[in-house]
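Working notes, structure below.
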Amino acid sequence: MSEEKKHDGLSRRSFLKGVGGGVVGTAVLTSSRRTSAAEQYGDVVGPDAVEITLNVNGQKRTLTVDPRVTLLDALRDQLSLTGSKRVCNKGQCGACTLICNGRTVLACSMLAIDADGADVETIEGLKTGDQLHPVQEEFIKNDALQCGFCTPGFIMSSVALLRKNPSPSMEEIKYAVSGNLCRCGTYPHVFKAVHDAAQAMKKGG
Amino acid sequence: MKPFQYVYPKDIKAVPKILAEAGQTALLYAGGTDALARMKEGVSQPDVVVNLKEISGFSLIRSDKKGLSIGAGTLLADVVESEEAQDYPGLVEAVKAVGTIQLRNMGTIGGNLCQRPRCWYYRSARFDCLRKGGETCFAIYGDNKYHCIIGGNPCFIVHPSDVAPMLIALDATIEILGLKGSRWVKAEEFYVTPQQDPYNETILKSDEVVTSVHIPAQAKSLKSHYVKFRERDSFDFAMVSVAIVASISDNTLSNVRIAYGGVAPKPWRATRAEKALEGTNATEQQILDAATGEFAQAEPLEQNEYKVIMAKNLLKRAIRELRQG
Ligand code: SF4
Ligand code: FES
Ligand code: FES
């Protein structure tokens, strides 16, 4: 029996526009060598800034980014969404964890242009009105943070877990946040907070 | 970071053409988790970054009676979660051992196979080491705790992939596309030692791209298992890892295939150990003897002799768990 499964890429490009001059012109201007193969066999953007659209916490946001800019820096520096933290900036700590198209990713290790057209959820989008998300509530109640730098990342990993698995075991909770580091060593409180959030969310219906 | 052009190839066939023209100035970019880190550090300074992520057909998992095919652009997370892959437990274990949940949601199979070494001298733009075209290997007299114990010289990296040793143990083949068309190579032959080529870890030529991986269907009696020892258990690169495939009947091991991660500049097929264990009951002593034979040629550096001991013990653990599993 043969079964075929296709997985969608991380993002579907809505449109990518070179800003300030046509794409071809850009290539000729900034590169000493001709890049005709790239243009002939593909679409080319950069090195000039590119216009992208992100669906951030349910809101369409259009911004202009240098292709070198990470999703994390675009959110923090251009959209003033500083909840996602920039700690190691090289994919080794989890502080920049956010949810992109339903999956947790490291925003520091991803180009903003690769998120064009994507649904991006950050810690800022978790609350409903003035009501914090149950995971946030339980982090506070359980004293699951000290300096707080790792906290948004831990919370995003935990929220992603509870969406998939509303009643995780302690092992599953530990595994779900195993890609997040906490220098202050709040781990036991984090595990308890996620456990309590699961209970609270079940009660809350 | 140096400015670059970002190219979205029309289809996979366009990639070799783009690479052939851009040459050394091009960089293949899929999940980007490794490539972007190198670009930030200035270790890789491409003018042209080729985005492979959105090429259709590049991400797919398919199984039939011949085996399992995985497109190179398939996310590691998709492999872990796919129904098709569950017939290859060792593969799922190895893929799950890579990075973190977040990194597996971003990284691809092809990227994992083609990731560059973790040697800290290599990763730092301040060290113009041999692998980057300089004259010196700084690891020889420097900090070499995580470097190789066998097959090194003139460069002493270890290959960081968890997936590659398992693919070798499963006798997988890798599909490569270049200007002249497609070719298939055994996973084992995909990697090179620094003697063969000190600048590259694989046989990929500058116009080539990995397009898929194929794992032959395993006989029912075959079991597979991946064991990874890391300094920090939540996530880390392997200090030493063992991928093993074998069938066990009446306590006797046969069709044994073993590949190590973390010990050599390429995933290390342990043919001597395989031969020593084939047809035996693999008692603790026999395993120890087999691993001792395998690493008789080991030449540990100043800080990594522990890896020789670890490599022996990890083989014991791998076989014990293979039996139980
Ligand atoms: S081990 Fe290889 S990569 Fe590391 S410093 Fe030596 S030559 Fe460079
Ligand atoms: S800031 Fe992204 S992983 Fe550390
Ligand atoms: S609370 Fe300080 S790093 Fe986690």
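Here is the naming used below: chain letters follow the sequence lines, and residue numbers restart at 1 for every chain.
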Count the heavy atoms belonging to other residues, nucleotides or ligands that lie under 6.0 Å from [atom1] of [X], then report whether that count exceeds 12.
X        : atom1 : value
A/Arg183 : CZ    : no
A/Tyr187 : OH    : yes
B/Lys132 : NZ    : yes
B/Arg232 : CZ    : yes

Problem - CZ-CE distance between A/Arg68 and B/Met39, expressed to the nearest 0.5 angstrom - result: 9.5 Å

Handout entry: Interatomic distance, A/Lys90 atom NZ to B/Lys40 atom NZ [nearest 0.5 angstrom]
Key = 9.5 Å

Taking all heavy atoms of [X] and all of [Y], pick out the closest pair and write down the distance.
X        : Y        : value
A/Asp114 : B/Asn51  : OD1-ND2, 3.2 Å
A/Ala37  : B/Lys17  : CB-O, 3.7 Å
A/Ser178 : B/Ser234 : O-CB, 3.6 Å
B/Arg118 : A/Gln92  : NH2-NE2, 3.4 Å
A/Tyr175 : B/Ile101 : O-CD1, 3.5 Å
B/Lys10  : A/Glu39  : NZ-O, 4.3 Å

Just wondering, do [Y] and [X] contact through their side chains at under 4.5 Å, heavy atoms?
X        : Y        : value
B/Leu36  : A/Thr70  : yes
A/Ile113 : B/Tyr6   : yes
A/Leu106 : B/Leu103 : yes

Completion exercise
So, the part of A/Asn89 with a heavy atom under 4.5 Å from chain B: the answer is both

Completion exercise
If one checks every heavy atom of A/Leu181 against chain B at 4.5 Å, the contacting part turns out to be side chain

Problem - side-chain contact (heavy atoms from CB on, under 4.5 Å) evaluation trace for A/Tyr41 with B/Asp11 - result: CA-CA 8 Å; A/Tyr41 300 109; B/Asp11 53 30; over 6 Å; no

Exercise for the section: May I ask you to decide whether B/Asp78 forms a salt bridge with A/Arg103, counting only side-chain N to carboxylate O separations under 4.0 Å? Expected result: yes

Practice task
Mark yes or no for whether B/Asn105, through its side chain, and A/Thr104, through its backbone, hold a donor-acceptor pair below 3.5 Å.
Solution key: yes

Completion exercise
Heaviest contributor of heavy-atom pairs below 4.5 Å to chain A, chosen from B/Asp236, B/Thr100, B/Ile18, is B/Ile18

Exercise for the section: Check the pair A/Val45, B/Tyr8 against side-chain contact (heavy atoms from CB on, under 4.5 Å), reporting the backbone distance first and the verdict last. Expected result: CA-CA 8 Å; A/Val45 298; B/Tyr8 300 87; 4.0 Å; yes

Practice task
Show your reasoning for whether side-chain contact (heavy atoms from CB on, under 4.5 Å) applies to B/Gln102 and A/Ser157.
Solution key: CA-CA 9 Å; B/Gln102 295 94 313; A/Ser157 288; 3.5 Å; yes

Handout entry: B/Lys2, part contacting chain A, at a heavy-atom distance under 4.5 Å
Key = backbone

Completion exercise
Under 4.5 Å to a heavy atom of chain A? For B/Phe58 that would be neither

